[in-house]
2 protein chains.
Amino acid sequence: IIELKDINKVYRTQHVETHALEELSLEVAKGEFISVMGPSGSGKTTLLNIIGLLDTFDGGSYLLDGDSVAQLGDRQMSRLRNAKIGFIFQSFNLIPDLNVFDNVEMPLRYRGMKAKQRREAVCEAVATVGLTSRLKHRPAQLSGGQQQRVAVARALVGQPNLVLADEPTGNLDSAMATDIMDLLGQINEKGTTVIMVTHDSELARRSKRQIHLLDGKVIDLTMVDPH
Amino acid sequence: IIELKDINKVYRTQHVETHALEELSLEVAKGEFISVMGPSGSGKTTLLNIIGLLDTFDGGSYLLDGDSVAQLGDRQMSRLRNAKIGFIFQSFNLIPDLNVFDNVEMPLRYRGMKAKQRREAVCEAVATVGLTSRLKHRPAQLSGGQQQRVAVARALVGQPNLVLADEPTGNLDSAMATDIMDLLGQINEKGTTVIMVTHDSELARRSKRQIHLLDGKVIDLTMVDPH
Ligand SMILES: Nc1ncnc2c1ncn2[C@@H]1O[C@H](COP(=O)(O)OP(=O)(O)OP(=O)(O)O)[C@@H](O)[C@H]1O
Ligand SMILES: Nc1ncnc2c1ncn2[C@@H]1O[C@H](COP(=O)(O)OP(=O)(O)OP(=O)(O)O)[C@@H](O)[C@H]1O
Ligand SMILES: [Mg+2]
Ligand SMILES: [Mg+2]
């Protein structure tokens with residue numbers, strides 16, 4: 001479903017040039033559940049943003065379901081994103097002036113679903129993360145973990161083929177983290193491909209494959225000196 | 001140093017009344033290192049905001065260094081906050097249009113320090129969190145963990161008597177998390193009181209006392225049925 005080949009990504013600020021990803025190659029088959037791990041700054045979010053068509057890359061190629069994304073115009077990319085991809089952002093990215101219901105409903109508005117259908121989908125998604133009592137709260141009125149759970153509900157409400165989760169449990173206690181992992185496990189069993197960034201090796205073990213990044217490259221831990 | 005007695009905090013939105021803290025009492029002696037744990041939504045951030053004079057409470061009393069904070073006017077509170085308290089926010093609260101240097105320098109500008117002194121303090125604080133190469137980056141140009149480290153540097157740059165850390169390592173890999181914990185341990189040895197919210201029991205073990213919150217109350221785990 002995803003074929004990344006020799007991807008390069010360079011961030012240039014006036015002062016520093018950062019090679020966030022270097023000749024990174026990765027293949028993900030449909031229905032996989034993958035964890036991406038690595039130290040802070042190693043390129044995990046950058047990788048997810050590129051896979052999720054949220055950012056461009058400077059070198060290499062990316063085939064999504066066999067089609068090269070380089071060909072796609074902005075309009076096509078966002079249609080693709082909206083139809084196929086659910087994204088749980090590391091910093092949640094909830095809209096501050098919208099309440100929980102409206103935040104979670106957002107992805108569905110771009111699909112021409114009827115209001116009644118949207119309402120049902122939203123209420124179900126919010127129920128699965130246990131926040132039905134908070135539907136009318138705005139993000140500032142929610143705890144950090146509650147905001148994270150709203151971000152999860154929003155990513156799943158449209159039943160995407162591909163879920164990209166960037167540290168989906170960082171603000172949650174272990175009980176809640178387990179619930180979210182169970183949720184991701186369930187949708188994965190139903191066929192959704194899940195790529196999850198986490199620095200928690202416990203959680204990573206629940207995914208079928210673990211990828212490790214270091215300085216923008218995928219490293220093969222089996223070849224790394226255990227000392 | 002801190003005496004909270006029967007603190008009540010109620011959040012009222014048009015739709016829901018949330019009792020975030022209920023008859024909460026807590027005493028913290030100078031130089032302690034305490035962890036505050038509890039499920040998502042249990043009141044940890046609310047508790048820290050009240051201790052840190054960032055929010056008011058609806059009932060009970062709070063004595064900081066023997067003085068009742070209820071007497072304090074806004075101006076006095078912010079002077080007190082600035083002089084004594086370093087706060088690491090759960091969502092970092094970095095100023096988006098300021099670069100790392102300016103974000104970390106912010107607390108010092110309210111103290112009438114000379115520019116040269118401020119610059120030295122900032123560079124040292126940023127060095128302790130390993131981000132000297134990012135001084136001119138703005139928050140959006142930093143990874144999640146890098147933003148978290150800037151938030152830590154900003155909280156410590158003024159060498160406060162009291163540090164309130166709300167999930168200071170949530171976005172960090174274990175190596176970096178250990179570094180931050182070492183940092184907090186060091187300043188605690190030098191006499192700074194540290195109150196840290198974490199849902200990571202490993203990290204909590206490094207503090208000398210652990211407090212557990214549930215539904216806005218401090219609970220005594222020794223009395224909780226292990227089943
Ligand atoms: N917009 C940007 N401009 C400049 N540099 C950037 C930008 N975004 C990221 N970087 C840099 O690229 C590198 C990789 O960032 P990235 O966010 O992918 O790391 P990460 O692995 O997700 O880190 P973390 O675990 O801390 O979230 C970092 O060194 C970061 O400073
Ligand atoms: N500004 C607010 N308005 C309304 N309700 C609020 C507000 N801030 C917090 N709450 C509610 O108060 C309760 C306690 O929130 P708090 O942020 O203290 O929890 P927490 O223990 O820090 O959670 P987490 O571990 O998820 O960060 C939550 O149920 C939350 O929804
Ligand atoms: Mg990241
Ligand atoms: Mg909190």
Side-chain angles (χ1 to χ4, degrees), chain A residues 11-18 20 37-46 89-92 94 99-101 129-149 166-167 169-177 179-180 197-202 212-214, chain B residues 11-18 20 37-46 89-92 94 99-101 129-149 166-167 169-177 179-180 197-202 212-214:
Chain A
Y11 290 112
R12 287 180 183 76
T13 69
Q14 337 163 224
H15 313 97
V16 163
E17 198 174 87
T18 308
M37 309 185 70
S40 171
S42 55
K44 305 182 295 296
T45 293
T46 301
F89 295 88
Q90 187 166 8
S91 55
F92 319 147
L94 300 179
N99 65 23
V100 169
F101 183 97
V129 297
L131 284 175
T132 303
S133 65
R134 293 273 184 277
L135 276 170
K136 297 196 178 294
H137 277 61
R138 274 171 289 98
Q141 301 170 322
L142 298 173
S143 76
Q146 291 168 335
Q147 292 179 31
Q148 189 153 40
R149 286 142 70 193
D166 199 344
E167 314 261 12
T169 61
N171 276 284
L172 304 177
D173 54 275
S174 51
M176 195 79 67
D179 290 351
I180 300 297
V197 168
T198 180
H199 55 256
D200 181 330
S201 39
E202 274 309 311
H212 293 264
L213 292 199
L214 186 61
Chain B
Y11 290 112
R12 286 180 185 76
T13 69
Q14 336 161 225
H15 314 95
V16 164
E17 199 174 85
T18 308
M37 310 186 69
S40 171
S42 54
K44 306 182 293 298
T45 293
T46 302
F89 295 89
Q90 187 167 8
S91 53
F92 319 148
L94 299 180
N99 65 23
V100 169
F101 184 96
V129 297
L131 284 175
T132 303
S133 65
R134 293 273 183 279
L135 276 170
K136 296 195 178 295
H137 277 60
R138 274 172 287 100
Q141 301 171 320
L142 298 172
S143 77
Q146 291 168 338
Q147 291 178 32
Q148 189 153 41
R149 284 142 71 195
D166 200 345
E167 314 260 11
T169 61
N171 276 284
L172 304 176
D173 54 274
S174 49
M176 195 78 67
D179 290 351
I180 299 298
V197 167
T198 180
H199 53 257
D200 181 328
S201 38
E202 275 307 313
H212 293 266
L213 292 197
L214 186 62

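Note that the coordinates shown come from a computational prediction; the quantities given were computed from them, not determined experimentally. Lettering of chains follows the sequences in order, A, B, ..., and the numbering in each one begins at 1.
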Can you tell me which of [options] forms the most heavy-atom pairs within a distance under 4.5 Å of chain A?
options	result
B:K44, B:Q14, B:K136	B:K136
B:L135, B:T198, B:T45, B:N171	B:N171
B:D166, B:T18, B:T169	B:T18

Non-hydrogen atoms of chain B under 4.5 Å away: do they reach the side chain of [X], the backbone, both or neither?
X	value
A:Q146	both
A:S133	backbone
A:S40	both
A:R138	neither

Beyond-backbone contact of A:H137 with B:T13, side-chain heavy atoms, under 4.5 angstrom: yes
Best-contacting candidate, A:G144, A:A175, A:A177, A:G38, against chain B by heavy atom pairs under 4.5 angstrom: A:G144
Set of residues satisfying side chain to side chain donor-acceptor pair (under 3.5 Å) with respect to B:S91, sequence neighbours excluded: B:N93
Check: B:R134 main-chain N/O paired with A:H15 side-chain donor or acceptor under 3.5 Å: no
